[in-house]
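Data block below; observations after.
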Amino acid sequence: MTSVNDIRSTFLDFFARNGHEKVSSSPLVPRNDPTLMFTNAGMVQFKNVFTGLEKRPYSRATTSQKCVRAGGKHNDLDNVGFTARHLTFFEMLGNFSFGDYFKEQAIEMAWTLVTKEFGLDKDKLLVTVYHTDDEAADLWKKIAGFSDDKIIRIPTSDNFWTMGDTGPCGPCSEIFIDRGDHIWGGPPGTPEEDGDRFLEFWNLVFMQYEQSGDGKQEPLPRPSIDTGMGLERMASILQGVESVFETDMFRHVIDATASAVGRAPTPETVASYRVIADHLRSMSFLIADGVLPANEGRGYVLRRIMRRAMRHATLLGTNNATIFKLVPSLVREMGQAYPDLVAGEAMISETIRLEEERFLKTLSRGLQILEDESAGLGKGDTLAGETAFKLYDTYGFPLDLTQDALRLRGVSVDQTGFDAAMARQKAEARKNWSGSGDAATSAVWFSIADTAGPTEFLGYETEDSDGAV
Ligand code: ATP
Ligand code: MG
Ligand code: MG
Ligand code: MG
């Protein structure tokens with residue numbers, strides 16, 4: 001069986017043989033971009049190289065990049081456990097050309113890697129291109145021998161990549177595999193595209209324009225290439241399984257979870273095992289990169305991930321701290337590729353254990369309240385924003401934990417009511433403030449409280465710049 005570790009090295013070695021420098025993954029907290037919540041694509045560490053601000057001693061690179069897509073613009077948190085392909089933490093394999101080769105060679109190498117090295121069946125593959133990108137469509141015909149019906153022209157921004165409002169941009173081309181009509185779903189561009197039959201596994205971005213402030217796009221003198229392939233998705237394809245959660249690495253972590261909770265997954269409970277395994281990876285890697293649970297910003301996204309995993313552990317029948325016990329199984333699976341995980345193991349376990357112990361004190365009481373307050377609600381109903389706020393404020397339930405808990409029943413949360421309750425509480429705190437009476441001092445105090453206070457939840461509001469491939 002082709003393991004996740006084999007796939008990673010096949011990809012990196014192939015591009016190294018083709019003149020690419022192997023570059024290490026950058027940390028999950030981007031060093032060069034304060035507007036971005038977490039590194040969410042391979043190109044993030046190369047942003048300044050693409051714009052020409054930074055020079056490197058190579059013009060081709062290949063990486064396996066740790067990515068987190070939770071919080072901010074590219075948020076896959078709600079998908080996890082419910083689609084076959086979304087994780088909050090995943091590895092993105094990529095090859096990059098900084099003004100070196102362009103479209104033709106990028107497509108040629110991608111095609112060779114996919115069909116020769118990974119041996120995928122050509123007849124099951126199809127691609128999307130941006131609707132005006134005839135050049136890419138012609139290259140796919142020439143290189144892969146695709147007929148027109150295998151080259152889907154997409155007019156939306158899904159196939160036109162921009163770094164931000166200004167800077168390099170260009171069309172992209174995504175490679176999909178058709179996994180057969182026993183799986184529900186339709187090809188990209190159809191109403192059924194959210195199904196899992198057609199799986200996107202690689203995105204090739206052709207950076208060929210420079211966008212200026214007024215929205216004008218001028219051709220770049222030396223166009224560049226940026227690609228991203230989901231390692232876990234490729235593993236699900238090569239291992240012949242239907243979801244990323246059935247690949248070798250996840251199976252081992254899910255087995256460890258089953259022994260920790262003392263029961264094996266069933267069709268009713270499997271989503272909880274998947275959420276736990278995914279969230280275990282993202283929390284461990286975030287902690288290893290220096291993020292700690294907190295009430296705002298990045299730390300709050302981490303806390304949301306941790307608490308959500310903890311609720312799922314209680315759904316599986318545990319009452320004690322459990323998630324921290326799974327860390328060794330993750331380190332066994334991924335420690336070789338990521339030595340930081342090994343070095344940080346004790347700190348990761350301890351951080352998780354402390355957060356579990358803290359949250360478990362209020363979790364069961366909060367769940368009881370949630371159950372009572374939502375007892376009469378069914379599909380299409382809404383939980384009062386006040387209740388969601390009480391759970392947040394008194395029991396430490398992040399809003400999305402409450403939403404996640406109600407989702408399977410089709411119950412949503414009145415977010416406007418939640419926001420209003422939050423605003424009311426802040427106003428109340430201001431009114432009751434009996435400090436020195438010095439207006440200037442209280443203004444300062446409140447602005448500090450607003451950014452650092454325990455009821456702040458920047459995690460929902462902070463918008464990322466677009467860092468995806
Ligand atoms: P999707 O449409 O499936 O959400 P995407 O178009 O958002 O994917 P890209 O931004 O193009 O994904 O990222 C490049 C590649 O990274 C994808 O082709 C996919 O293989 C992988 N990838 C993206 N998001 C995830 C995720 N949440 N979990 C696992 N792999 C992912
Ligand atoms: Mg996506
Ligand atoms: Mg896509
Ligand atoms: Mg894509």
Side-chain angles (χ1 to χ4, degrees), residues 4 7-8 11 25 28 36-44 63-96 106 110 113-114 118 120 125-130 136 152 154 156-163 169-177 179 185-190 192-207 225-238 243-247 249-250 274-275 277-279 281-282 285 305 464-469:
V4 163
I7 296 168
R8 193 189 297 109
F11 186 101
S25 174
L28 285 168
L36 185 64
M37 178 85 66
F38 298 121
T39 300
N40 57 14
M43 60 77 57
V44 170
T63 61
S64 177
Q65 175 66 50
K66 310 180 263 195
C67 293
V68 166
R69 291 192 176 183
K73 191 168 174 184
H74 283 274
N75 187 357
D76 286 333
L77 192 58
D78 291 335
N79 289 323
V80 171
F82 298 95
T83 73
R85 68 182 198 279
H86 287 109
L87 299 164
T88 55
F89 172 90
F90 64 99
E91 286 180 75
M92 194 185 284
L93 299 163
N95 58 291
F96 307 91
L113 179 63
V114 164
F118 289 135
L120 298 191
L125 300 174
L126 62 158
V127 296
T128 60
V129 297
Y130 190 56
I152 302 170
I154 304 272
T156 63
S157 61
D158 276 355
N159 279 66
F160 194 91
W161 180 87
T162 54
M163 193 179 277
C169 59
C172 56
S173 179
E174 296 184 326
I175 313 180
F176 285 74
I177 186 162
R179 300 189 294 168
T190 65
E192 299 82 30
E193 74 175 326
D194 277 341
D196 286 314
R197 172 173 171 183
F198 292 86
L199 176 70
E200 171 193 337
F201 62 90
W202 205 352
N203 191 1
L204 315 181
V205 179
F206 312 124
M207 285 186 206
I225 291 292
D226 154 31
T227 86
M229 174 195 284
L231 172 61
E232 298 80 0
R233 292 192 189 179
M234 185 46 96
S236 72
I237 295 168
L238 292 177
S243 81
V244 289
F245 300 102
E246 291 149 85
T247 56
M249 181 173 298
F250 274 100
R274 291 175 171 186
V275 170
D278 169 75
H279 289 14
R281 295 203 326 160
S282 40
F285 276 91
I305 292 171
D464 282 356
S465 68
D466 194 335
V469 262

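Values in this document were obtained by computation on a predicted structure and should not be read as measured data. In listed order, ligands and their atoms are each counted from 1.
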Do you know which two heavy atoms are closest between [X] and [Y], and how far apart they sit?
| X | Y | answer |
| --- | --- | --- |
| R274 | S243 | NH2-OG, 3.7 Å |
| S64 | E91 | OG-OE1, 2.9 Å |
| V80 | H279 | CG1-CE1, 4.2 Å |
| D226 | M207 | CB-CE, 3.7 Å |

Original post:
Could you walk me through whether W202 and F118 pass the ring-ring contact (aromatic ring centres under 6.0 Å, His included) check?
Top reply: CA-CA 13 Å; W202 205 352; F118 289 135; 8.1 Å; no
Can you find an N or O of [X] that's nearer than 3.5 Å to an N or O of ligand 1?
| X | answer |
| --- | --- |
| E174 | yes |
| F201 | yes |
| L87 | yes |

Original post:
Does F176 have its ring centroid less than 6.0 Å away from the ring centroid of F198?
Top reply: no
May I ask you to list the atoms of ligand 1 that are less than 4.0 angstrom from any heavy atom of [X]?
| X | answer |
| --- | --- |
| N203 | 11 (O) |
| M92 | 13 (O), 14 (C), 16 (O) |
| G230 | 16 (O), 19 (C), 20 (O), 21 (C) |
| D76 | 24 (N), 26 (C), 27 (N) |

Original post:
Taking both backbone and side chain into account, is any N, O or S atom of D158 nearer than 2.8 Å to the Mg ion (ligand 4)?
Top reply: no
Original post:
R85 pairs by salt bridge (charged side-chain N to carboxylate O under 4.0 Å, His left out) with which of D76, D278, D196?
Top reply: D196
Subject >> Residue selection (non-hydrogen contact nearest atom 25 (C) of ligand 1) among E91, R69, R233 >> reply: R233
Original post:
Nearest heavy atom to atom 17 (C) of ligand 1: which of M43, Q65, E200, R85 does it belong to?
Top reply: E200
Original post:
Can H86 be said to touch ligand 1, with heavy atoms closer than 4.0 Å?
Top reply: yes
Subject >> Considering only N, O or S atoms of E200, the one closest to the Mg ion (ligand 4) >> reply: OE2
Original post:
Relative to the Mg ion (ligand 4), which of the N, O or S atoms in E174 is the closest?
Top reply: OE2
Original post:
Which distance, rounded to the nearest 0.5 Å, do you find between the CD of E232 and the CZ of F89?
Top reply: 7.5 Å
**OP:** Working to the nearest 0.5 Å, report the span between CG of N159 and SG of C172.
**Re:** 4.5 Å
